[in-house]
There are 2 protein chains.
Amino acid sequence: MKSSLTLEHQICFQLYTASKELTRLYRPILAPLNLTYSQYLVMLVLWEEEGIDLKQVGERLTLDSGTLSPLVKRLMQIGYVEKVRAQDDERRIVLTLTDSGRALREQAEDVPRQVSGMLKIDEATYVAYMEMLIDIKARLKAFGEQQG
Amino acid sequence: MKSSLTLEHQICFQLYTASKELTRLYRPILAPLNLTYSQYLVMLVLWEEEGIDLKQVGERLTLDSGTLSPLVKRLMQIGYVEKVRAQDDERRIVLTLTDSGRALREQAEDVPRQVSGMLKIDEATYVAYMEMLIDIKARLKAFGEQQG
DNA sequence: TATAATTAAGTTGTGCACAATATAATTGTT
DNA sequence: AACAATTATATTGTGCACAACTTAATTATA
């Protein structure tokens with residue numbers, strides 16, 4: 001295993017910069033939708049499953065309430081999202097889309113195609129890369145569960 | 001190319017969560033060194049090349065002065081780093097290590113081994129993953145340069 | 001050689017990301 | 001039923017990350 005303390009040889013550094021630079025690529029694409037990258041991720045979840053619990057959104061994105069609460073507040077201010085208390089459990093908050101938020105989906109449909117085009121990546125490579133990233137996450141999860 | 005607006009099928013999302021979760025793994029490892037993850041990256045650069053320009057640190061980590069200025073200020077407060085104006089060009093700032101910062105390297109030597117152990121990843125897989133990430137960055141860079 | 005353009009670093013403001021804590025609702029236990 | 005433990009959300013504080021702007025030093029050019 002690479003144990004030399006060189007920046008470029010550390011997988012964490014490559015992951016960190018790759019993520020940052022890919023997010024940078026998204027910024028001008030998402031700007032017309034009036035969304036930041038994190039807000040876009042929340043909208044993706046809601047377009048997939050409207051009426052989902054705030055808690056469950058946080059689980060899918062690995063975000064806690066300290067991040068999500070103010071983020072959702074901003075999505076409400078923009079007018080894409082609404083919060084409703086669940087009747088059966090007053091602690092839970094259910095997120096729904098406004099008409100405006102639902103309409104935004106059509107505009108967003110084109111985002112993945114734009115990004116793929118910019119990356120000039122073929123389907124097979126794309127899938128292989130996805131699998132690698134999912135594997136890294138699985139290893140992290142395995143360690144986390146082993147530890148507790 | 002995957003054009004469905006599903007969270008899990010977007011490479012950006014996998015990269016984003018993988019990076020976040022790997023950083024989370026580092027947190028308890030770096031805590032005894034009194035470093036955040038970003039501070040650790042700056043220290044890695046300095047251990048590799050002491051006396052480097054602040055500007056060049058920013059280029060290697062893809063960080064601008066808005067991020068680096070306060071971060072380096074914190075490293076100075078901890079007592080790991082010192083700032084010196086370059087004599088030949090008074091605009092430039094040269095970063096040097098204190099004895100304490102230099103001594104910390106020995107403790108940090110063990111970090112990559114600890115991380116690899118936690119991920120339970122063999123050398124070949126590790127190298128393949130590194131190459132994938134470097135390739136993603138190359139594609140991003142190629143697009144960025146094509147655009148300007 | 002004035003002065004315009006560029007460069008390096010710093011500052012301000014916004015929005016994550018997360019730890020720690022607080023509050024209120026629900027569930028479990030005696 | 002009373003009360004302890006748990007759960008969902010919100011708030012506070014710290015530290016990134018970056019855009020936009022400011023300041024000071026250097027370089028280019030008229």
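By convention in this document, chain letters (A, B, ...) are assigned in the order of the sequence lines, proteins followed by strands, and residues within each chain are numbered from 1.
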(message) Rounded to whole Å, how long is the line connecting atom CE of M43(B) with atom P of dC16(D)?
(response) 13 Å
(message) Quick check on DNA chain C: between P70(B) and K20(B), whose nearest nucleotide comes earlier from the 5' end?
(response) P70(B)
(message) Categorize S19(A) for me: base, sugar-phosphate, or nothing, with a 4.0 angstrom heavy-atom threshold over every strand shown.
(response) nothing
(request) Using a strict 4.0 Å threshold on nitrogen-to-oxygen distance, state whether E21(A) and K141(B) make a salt bridge. (result) no
(request) Using a strict cut-off of less than 4.0 Å between a Lys/Arg side-chain nitrogen and an Asp/Glu carboxylate oxygen, indicate whether R60(A) and E48(A) qualify as a salt bridge. (result) yes
(message) With a cut-off of less than 4.0 Å, is there a side-chain N or O of T23(A) near OP1 or OP2 of dA17(D)?
(response) no
(request) Give a yes or no on whether a donor-acceptor pair under 3.5 Å exists between the nucleobase atoms of dA10(D), that is its base, and the side chain of S65(A). (result) yes
(request) Look at R24(B) and dC18(C) and indicate whether a side-chain polar atom (N or O) is within less than 4.0 Å of OP1 or OP2. (result) yes
(message) Once you apply a heavy-atom cut-off of 4.0 Å, does T67(B) come out as touching a base, just sugar-phosphate, or nothing?
(response) base
(message) For a quick check, tell me whether the side chain of R91(B) and the base of dT7(C) share a donor-acceptor pair closer than 3.5 Å.
(response) yes
(request) Have a look at D64(A) and say if it touches a base, only the backbone sugar-phosphate, or nothing, with a 4.0 Å heavy-atom cut-off. (result) base
(request) Measure from CG on D88(B) to P on dT26(D) and round the result to the nearest Å. (result) 9 Å
(request) Grab the OH-P distance between Y37(A) and dA19(D) for me, whole Å please. (result) 16 Å
(request) Quick one: list whatever passes salt bridge (charged side-chain N to carboxylate O under 4.0 Å, His left out) with R139(B), sequence neighbours left out. (result) D135(B)
(request) Provide, to the nearest angstrom, the distance between the CD atom belonging to E90(A) and the C1' atom belonging to dT27(C). (result) 16 Å
(request) State plainly whether the residues D88(A) and R92(A) are in salt-bridge range, i.e. N to O under 4.0 Å. (result) yes
(request) Would you kindly compare E21(B) and G66(B) by the position of their nearest DNA chain C nucleotide and give the one closer to the 5′ end? (result) G66(B)
(message) I want to check one thing: is the phosphate of dT14(C), taken as OP1 and OP2, less than 4.0 Å away from some side-chain N or O of K73(A)?
(response) no
(message) Does a side-chain N or O of Q56(B) approach OP1 or OP2 of dA8(C) to a distance below 4.0 Å, or not?
(response) no
(request) Look at the side-chain N and O atoms of Y16(B) and state whether any lies under 4.0 Å from the OP1 or OP2 oxygen of dA17(C). (result) yes
(message) Can you measure L30(B) atom CG to dC16(D) atom P for me and round it to whole angstrom units?
(response) 12 Å
(request) Starting at atom NZ of K55(A), determine the distance to atom P of dT26(C), rounded to an integer number of angstrom. (result) 16 Å
(message) With a 6.0 Å cut-off (strictly less than), is the heavy-atom count around NZ of K73(B), excluding the residue itself, greater than 12?
(response) no
(request) Could you state the atom-to-atom distance from CZ of R27(A) to C1' of dC16(C) in whole Å? (result) 11 Å
(message) Side-chain N or O of S69(A) versus OP1/OP2 of dT11(D): is the shortest distance under 4.0 Å?
(response) no
(message) Please report the distance, rounded to the nearest Å, between CG in L68(A) and P in dT11(D).
(response) 13 Å
(message) Is the phosphate of dT14(C) approached by R74(A) (side-chain N or O, under 4.0 Å from OP1 or OP2)?
(response) no
(message) I'd like to check L97(A) versus L104(A) (side-chain heavy atoms, cut-off strictly below 4.5 Å). Are they in contact?
(response) no
(message) Mind checking if L71(B) touches a base, just sugar-phosphate, or nothing, with heavy atoms under 4.0 Å?
(response) sugar-phosphate
(request) Give L54(A) one of three labels, base, sugar-phosphate or nothing, depending on what nucleic acid heavy atoms sit under 4.0 Å from its own. (result) sugar-phosphate
(request) Counting Watson-Crick and G-U wobble pairs only, both distances under 3.5 Å, name the nucleotide matched with dA30(D), or none. (result) dT1(C)
